[in-house]
Amino acid sequence: MSDTGGVEKITVVVADDHRLTAHSIADSLKARGFQIVAVTYGEPDALAAIAEHAPHVLISDLDMGPGPTGADLIARMANVHPKMAIVLLTAYEDPKLLAPGMPALPSRVVYRVKHQLGDLEELENAVRLALSYASGEERPPKTNSAQPLTEAQASLLRLV
């Protein structure tokens with residue numbers, strides 16, 4: 001992370017297939033002093049933005065429309081960029097609700113459900129927590145969900 005005029009600049013890539021959501025998150029974090037790159041066309045754009053901007057943080061949606069999911073993107077980034085902080089911001093209480101056979105998320109991913117965030121401070125706290133996991137300052141919990149669903153439970157809920 002670079003130091004510019006005494007203020008730490010943290011670069012964040014926000015990847016969400018909904019333009020309004022991506023830009024709302026980006027504008028909110030930019031107002032708090034983060035350097036932001038927002039992408040709205042799924043994994044290819046997110047990969048290009050990550051390659052170009054070398055962000056400290058990736059905030060990704062889980063459901064990125066047709067093609068690879070946010071979980072696929074995150075799994076790839078966790079392997080390629082092990083020091084990148086990752087926040088998964090989604091409407092799904094559990095990633096298994098999106099589709100069967102979802103890959104397990106790395107334990108260092110900070111998982112947040114959009115409708116459970118009360119304010120911008122909670123989002124910024126999620127980013128800061130992800131940074132502390134990525135730097136090794138804090139150890140992440142062993143799982144990302146308090147009570148993860150079984151595949152059978154997720155299949156039943158997808159039918160509803």
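What you see below is based on every heavy atom in this structure, not just the backbone, and it leaves out hydrogens, waters and symmetry mates.
Scanning all heavy atoms of the two residues, the minimum distance from Asp94 to Tyr111 falls at C-OH, 3.4 Å. Of all heavy-atom pairs between Pro68 and Glu43, the closest is CB-OE1, 3.5 Å. Closest non-hydrogen pair, Val87 versus Ala126, comes out as CG2-O, 3.7 Å. Taking all atoms of both residues into account, the shortest heavy-atom contact from Ala49 to Val39 is CB-CG1, 3.8 Å.
The cluster map of Ile, Leu, Val, Met, Phe, Trp and Tyr, joined by side-chain heavy atoms under 4.5 Å apart, puts Met64 and Leu58 in different clusters. At a threshold of 4.5 Å between side-chain heavy atoms, the hydrophobic network of Ile, Leu, Val, Met, Phe, Trp and Tyr places Ile25 and Ile10 in one connected group. Put simply, Val110 and Ile36 are part of the same group of oily side chains (I, L, V, M, F, W, Y) that touch within less than 4.5 Å, one to the next.
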Steps toward side-chain contact (heavy atoms from CB on, under 4.5 Å) verdict (Asp63, Tyr92): CA-CA 9 Å; Asp63 185 357; Tyr92 294 90; 3.5 Å; yes

Determine, step by step, whether Leu131 and Leu129 satisfy the side-chain contact (heavy atoms from CB on, under 4.5 Å) criterion, reporting the C-alpha distance in whole Å, the side-chain angles of both residues, the deciding distance to 0.1 Å, and the verdict. CA-CA 5 Å; Leu131 284 164; Leu129 181 61; over 6 Å; no

Got a list of side-chain donor-acceptor pairs under 3.5 Å for residues 72-85, not counting sequence neighbours?
unit_1 : atom_1 : unit_2 : atom_2 : d
Asp72  : OD2    : Thr69  : N      : 2.8
Asp72  : OD2    : Thr69  : OG1    : 3.2
Asn79  : ND2    : Ala75  : O      : 3.3

For residues 97-104, please give each side-chain donor-acceptor pair under 3.5 Å, one per line with the distance, not counting sequence neighbours.
none

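With His56 contributing its side chain and Thr11 its backbone, the two residues share a donor-acceptor pair below 3.5 Å. Proximity of a side-chain donor or acceptor of Asp45 to a complementary backbone N or O of Ala48 within less than 3.5 Å is not detected.
Residues in residues 16-26 take part in these side-chain hydrogen bond (donor to acceptor under 3.5 Å, both in side chains) pairs, two or more places apart or across chains: Asp16-Lys114. Sorted by first and then second residue, the salt bridge (Lys or Arg N to Asp or Glu O under 4.0 Å) pairs with a member in residues 29-42 read Arg32-Glu124; sequence neighbours excluded. Legend: side-chain hydrogen bond (donor to acceptor under 3.5 Å, both in side chains) pairs involving residues 129-140, not counting sequence neighbours, sorted by first then second residue: Ser132-Glu138, Ser135-Glu137. Among residue pairs with one or both ends in residues 46-57, none qualify as salt bridge (Lys or Arg N to Asp or Glu O under 4.0 Å); sequence neighbours excluded.
Interatomic distance, Ser60 OG to Ile86 CD1, rounded to the nearest 0.5 Å: 9.0 Å. The CD1 atom of Ile59 sits 8.0 Å away from the CZ atom of Phe34 when rounded to the nearest 0.5 Å. For the atom pair CG (Leu89) and CG (Leu123), the distance works out to 6.0 Å, reported to the nearest 0.5 Å.
Put simply, the side chain of Val12 does not reach to within 4.5 Å of the side chain of Pro55, judged on heavy atoms.
Gln116 and Glu93 form a side-chain donor-acceptor contact under 3.5 Å, judged by distance and modelled atom types alone.
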